Amino acid sequence: MNINNIKKPNITSEEINEQIKPVLREMEKVGIKIDCNALKRLDKKLGKKLVKIKGEIFKLASREFNIDSPIQMAEVLFKELKLSTDGLKRTKSGISTAASELNKIKSEHAIIAPILEHREISKLLSTYLRPLPALVDKNDRLHTTYGLETSTGRLTSSEPNLQNIPIRGKHGDEIRSTFIADKGMKLIAADYSQIELRIVACLAGDTAMIDAFKKNEDIHTRTAAEIFNTKPNKVSRDQRRKAKAVNFGIVYGQTPYGLSQTLGIKIEEAAEYILHYFDIHRGIKGYINEMIEKAHTDGFVETLFGSKRYLPNINSRIRYIAEAEERMAINTPVQGTAAEVLKLAMIKLSQELAKLSGESGVKSGEKLLQDQNSKLLASSTRMLLTVHDEIVVECPEKEAKKVAKIVKDTMENIIGLCVPLQAEAGIGDNWSEAK
DNA sequence: ACAATGGTCC
DNA sequence: ACTCGGACCATTGTA
């Protein structure tokens with residue numbers, strides 16, 4: 001890896017993981033408050049809607065069946081209603097009824113739209129709205145468990161997973177807004193902007209990309225201008241959307257097929273975009289080749305802080321297996337380094353926030369003030385959540401602005417890359433508002 | 001109890 | 001002919 005663009009870290013990934021552990025245990029213990037009543041109201045509202053949609057689906061299918069069963073769904077759609085199956089993905093047991101596939105035949109029959117809506121709502125009900133209220137403590141707070149065992153170095157969150165709480169979709173905001181700050185407190189949500197792209201720009205030493213980030217340009221617009229041979233101010237919304245998918249895909253080792261699926265365009269068109277992209281971004285192309293070559297010869301790749309991922313099947317004669325590991329070889333250093341940067345920021349931030357409750361707290365060492373002090377700590381500033389490139393903090397209302405600045409500054413200055421790191425911090429009474 | 005399928009997040 | 005990076009969880013249906 002060409003690390004000439006980056007200062008050599010003086011800490012290893014193992015040390016980072018040791019230091020993040022107590023920080024995570026503390027976050028788990030504190031938990032985050034949710035508005036159970038709001039959650040139950042939403043449950044009721046969407047529950048009613050679901051019943052209505054169910055009726056529509058049965059009417060259009062001319063019979064009742066289990067909508068949650070892909071087998072029965074496929075039978076209704078493809079045997080009874082005889083919807084076309086060509087171009088649709090197959091599963092072991094027949095035709096796939098995944099949303100991405102149903103979207104392709106949406107115009108064929110009026111039953112598809114309510115099915116998709118049913119899927120969306122039943123997902124929210126069964127995974128979030130119903131289970132979460134049952135998991136709160138006596139203070140209405142949810143406590144997740146963070147894990148360190150991933151192949152890239154990212155954190156996991158389980159029981160409950162608070163890293164996949166809905167944010168897109170029709171009801172995303174409604175659900176996020178049930179994650180609230182305690183009385184007298186505010187939530188601060190801060191996330192890195194395009195941290196993975198910034199990291200790959202540096203790992204790859206891609207001059208065009210480094211230049212863009214240094215000038216604080218809109219990276220997707222710039223990419224669009226590049227691949228569509230136009231000026232940034234002439235880029236259309238659709239061109240920017242496509243360029244965003246291209247940028248996104250770089251980090252994943254995206255293929256023309258994958259990009260065509262994501263964008264719903266022809267493979268040939270996708271291939272053109274990618275080729276044109278690599279023509280301009282020689283650094284990125286070089287990085288990809290370098291990682292694949294390293295994985296073939298060494299059997300592993302590594303992150304900036306030295307976390308290794310072994311790829312034992314990269315020399316497999318079965319092509320798709322070898323190719324899968326080649327994509328991991330491309331992605332792991334990027335995703336893994338981003339994870340390390342976030343962990344470092346969390347470690348530093350926990351220290352900064354601890355200092356904060358120290359200064360605003362007790363002035364003398366009097367014994368009497370000790371429980372006052374512990375009360376103060378209970379309502380003081382602390383980290384609650386982390387979601388891969390985001391940190392959520394809770395703090396007293398009056399300090400929110402000050403704390404937001406500390407969070408943002410800590411995240412942005414945690415490491416000197418070849419391009420600036422940027423973090424956006426928002427303040428609100430709930431998670432949705434704070435973003 | 002477990003595999004398959006599908007869906008949510010970054 | 002067919003595929004993209006990393007997780008966790010709910011439901012169905014079979015063993």
Side-chain angles (χ1 to χ4, degrees), chain A residues 65-74 87 89-102 115-116 118-132 135 144-169 171-172 175-176 191-197 200 245-246 248-263 267 270 274 288 291 301 303 309 311 318-339 342 385-391 431 435:
Chain A
F65 63 101
N66 188 344
I67 299 174
D68 292 332
S69 162
I71 296 175
Q72 295 182 40
M73 178 62 73
K89 215 189 316 182
R90 304 188 65 90
T91 67
K92 287 183 178 172
S93 37
I95 311 294
S96 167
T97 68
S100 59
E101 304 309 301
L102 295 187
I115 287 172
L116 292 172
H118 185 280
R119 283 259 176 85
E120 187 180 353
I121 293 173
S122 65
K123 175 73 181 180
L124 297 181
L125 285 170
S126 69
T127 307
Y128 306 102
L129 297 179
R130 302 220 156 112
L132 290 186
L135 296 172
T144 185
T145 303
Y146 289 107
L148 288 167
E149 290 76 31
T150 64
S151 33
T152 58
R154 272 190 174 183
L155 298 172
T156 62
S157 162
S158 61
E159 284 181 294
N161 181 359
L162 297 184
Q163 294 187 321
N164 71 346
I165 301 300
I167 186 169
R168 310 158 197 162
H171 307 284
I175 294 182
R176 285 238 167 176
D191 66 300
Y192 280 116
S193 109
Q194 286 128 10
I195 187 170
E196 292 192 347
L197 279 180
V200 77
V246 171
F248 197 57
I250 296 309
V251 193
Y252 294 163
Q254 184 143 54
T255 61
Y257 176 82
L259 183 63
S260 72
Q261 289 295 300
T262 311
L263 290 177
I267 293 183
I274 292 174
I288 289 173
M291 287 305 109
V301 292
T303 64
R309 179 176 191 176
L311 299 165
I318 306 170
R319 209 179 63 177
Y320 76 92
I321 290 184
E323 284 174 344
E325 296 212 341
E326 288 183 356
R327 290 190 291 271
M328 296 174 199
I330 297 166
N331 176 264
T332 298
V334 181
Q335 188 183 122
T337 302
L342 186 88
L385 301 177
T386 175
V387 193
H388 308 309
D389 67 353
E390 175 182 7
I391 298 173
W431 197 2
K435 288 214 85 173

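Note: hydrogens, waters and symmetry copies are ignored here, and every other heavy atom, side chains too, is used. This is a predicted model, so every value here is computed, not measured. Labels below follow one simple rule: chain letters A, B, ... track the order of the sequence lines, proteins then strands, and each chain is numbered from 1.
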Undergrad: Which whole-number value in Å describes the distance from A:Arg130 CZ to C:dT11 C1'?
TA: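 A:Arg130 atom CZ is separated from C:dT11 atom C1' by 14 Å.
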Undergrad: By nearest heavy atom, map A:Glu323 and A:Leu155 onto DNA chain C; which one lands nearer the 5' end?
TA: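 That would be A:Glu323.
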Undergrad: When you check the phosphate oxygens OP1 and OP2 of C:dA10, does a side-chain N or O of A:Ser122 lie under 4.0 Å from one of them?
TA: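 The answer is no; no side-chain N or O of A:Ser122 sits under 4.0 Å from OP1 or OP2.
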Undergrad: For A:His388 and A:Leu155, which heavy atoms make the closest approach, and how far apart are they?
TA: CE1-O, 3.5 Å
Undergrad: Please give the distance between the C1' atoms of C:dA1 and B:dG7 as a whole number of Å.
TA: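 To the nearest whole Å, 26 Å.
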Undergrad: How many Å lie between CZ on A:Arg309 and C1' on C:dG6, as a whole number?
TA: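 Whole-Å distance recorded here is 8 Å.
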Undergrad: Are A:Leu385 and A:Trp431 packed together at the side-chain level, in the sense that at least one heavy-atom pair is separated by less than 4.5 angstrom?
TA: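 Touching, per the 4.5 Å side-chain cut-off.
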Undergrad: Using atom C1' of each nucleotide, how far apart are B:dT8 and C:dC2 to the nearest Å?
TA: 25 Å
Undergrad: Tell me the closest heavy-atom pair linking A:Ala270 and A:Ser260, and the distance in Å.
TA: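 Looks like CB-N, 3.8 Å.
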Undergrad: Mind checking A:Ser126 for me? I need base, sugar-phosphate or nothing, with any heavy atom below 4.0 Å counting as a touch.
TA: sugar-phosphate
Undergrad: Checking A:Thr144 side chain against A:Pro160 main chain: does a donor-acceptor pair fall under 3.5 Å?
TA: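 Yes: the side chain of A:Thr144 pairs with the backbone of A:Pro160.
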Undergrad: Look at all strands and tell whether A:Tyr257 reaches a base, only sugar-phosphate, or nothing, counting heavy atoms closer than 4.0 Å.
TA: base
Undergrad: What is the distance from CG of A:Leu385 to C1' of C:dA7, rounded to the nearest Å?
TA: 16 Å
Undergrad: Looking just at side-chain N and O atoms, do A:Glu101 and A:Ser96 make a donor-acceptor pair shorter than 3.5 Å?
TA: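 No - no donor-acceptor pair under 3.5 Å links their side chains.
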Undergrad: Determine, for nucleotides 4-10 of chain B in 5'-to-3' order, which nucleotides have protein heavy atoms under 4.0 Å from the base (write B), from only the sugar-phosphate (write S), or from neither (write -).
TA: SSBBBSB
Undergrad: Rounded to the Å, how far apart are A:Glu159 CD and C:dA7 P?
TA: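 Whole-Å distance recorded here is 18 Å.
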Undergrad: Tell me whether the OP1 or OP2 atom of C:dC8 has a side-chain N or O from A:Thr156 closer than 4.0 Å.
TA: yes
Undergrad: If I take atom CE in residue A:Met73 and atom P in nucleotide C:dT11, what distance separates them, rounded to the nearest angstrom?
TA: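 A:Met73 atom CE is separated from C:dT11 atom P by 16 Å.
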Undergrad: What nucleotide, of C:dG13, C:dA7, C:dT3, holds the atom closest to the side chain of A:Ser151?
TA: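 Closest nucleotide among those given: C:dA7.
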Undergrad: Have a look at A:Asp191 and say if it touches a base, only the backbone sugar-phosphate, or nothing, with a 4.0 Å heavy-atom cut-off.
TA: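 Nothing: the residue A:Asp191, judged by heavy atoms under 4.0 Å, touches no strand.
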Undergrad: State, to 0.1 Å, how close A:Pro333 and A:Met291 come at their nearest heavy-atom pair, and which atoms those are.
TA: CG-SD, 4.0 Å
Undergrad: Identify the two heavy atoms, one from A:Ala338 and one from A:Glu196, that lie closest to each other, and give their separation to 0.1 Å.
TA: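 Looks like CB-CG, 4.0 Å.
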Undergrad: Taking A:Thr386's backbone N and O only, do any of them form a donor-acceptor pair with A:Gln163's side chain (distance below 3.5 Å, no angle check)?
TA: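 Side chain of A:Gln163 to backbone of A:Thr386: a pair is present.
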Undergrad: Give the rounded distance in Å between these two atoms: CD of A:Gln254 and C1' of C:dC2.
TA: 15 Å
Undergrad: Could you give the CG-to-C1' distance, from A:Leu135 to C:dC9, as a whole number of Å?
TA: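 Roughly 12 Å, once rounded to whole Å.
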Undergrad: Grab the CD-P distance between A:Gln261 and C:dT3 for me, whole Å please.
TA: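 Atom CD in A:Gln261 sits about 7 Å away from atom P in C:dT3.
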Undergrad: Identify, between A:Thr152 and A:Ser158, the residue whose nearest nucleotide on DNA chain C lies closer to the 5' end.
TA: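 Looking at DNA chain C, the more 5' nearest nucleotide goes with A:Thr152.
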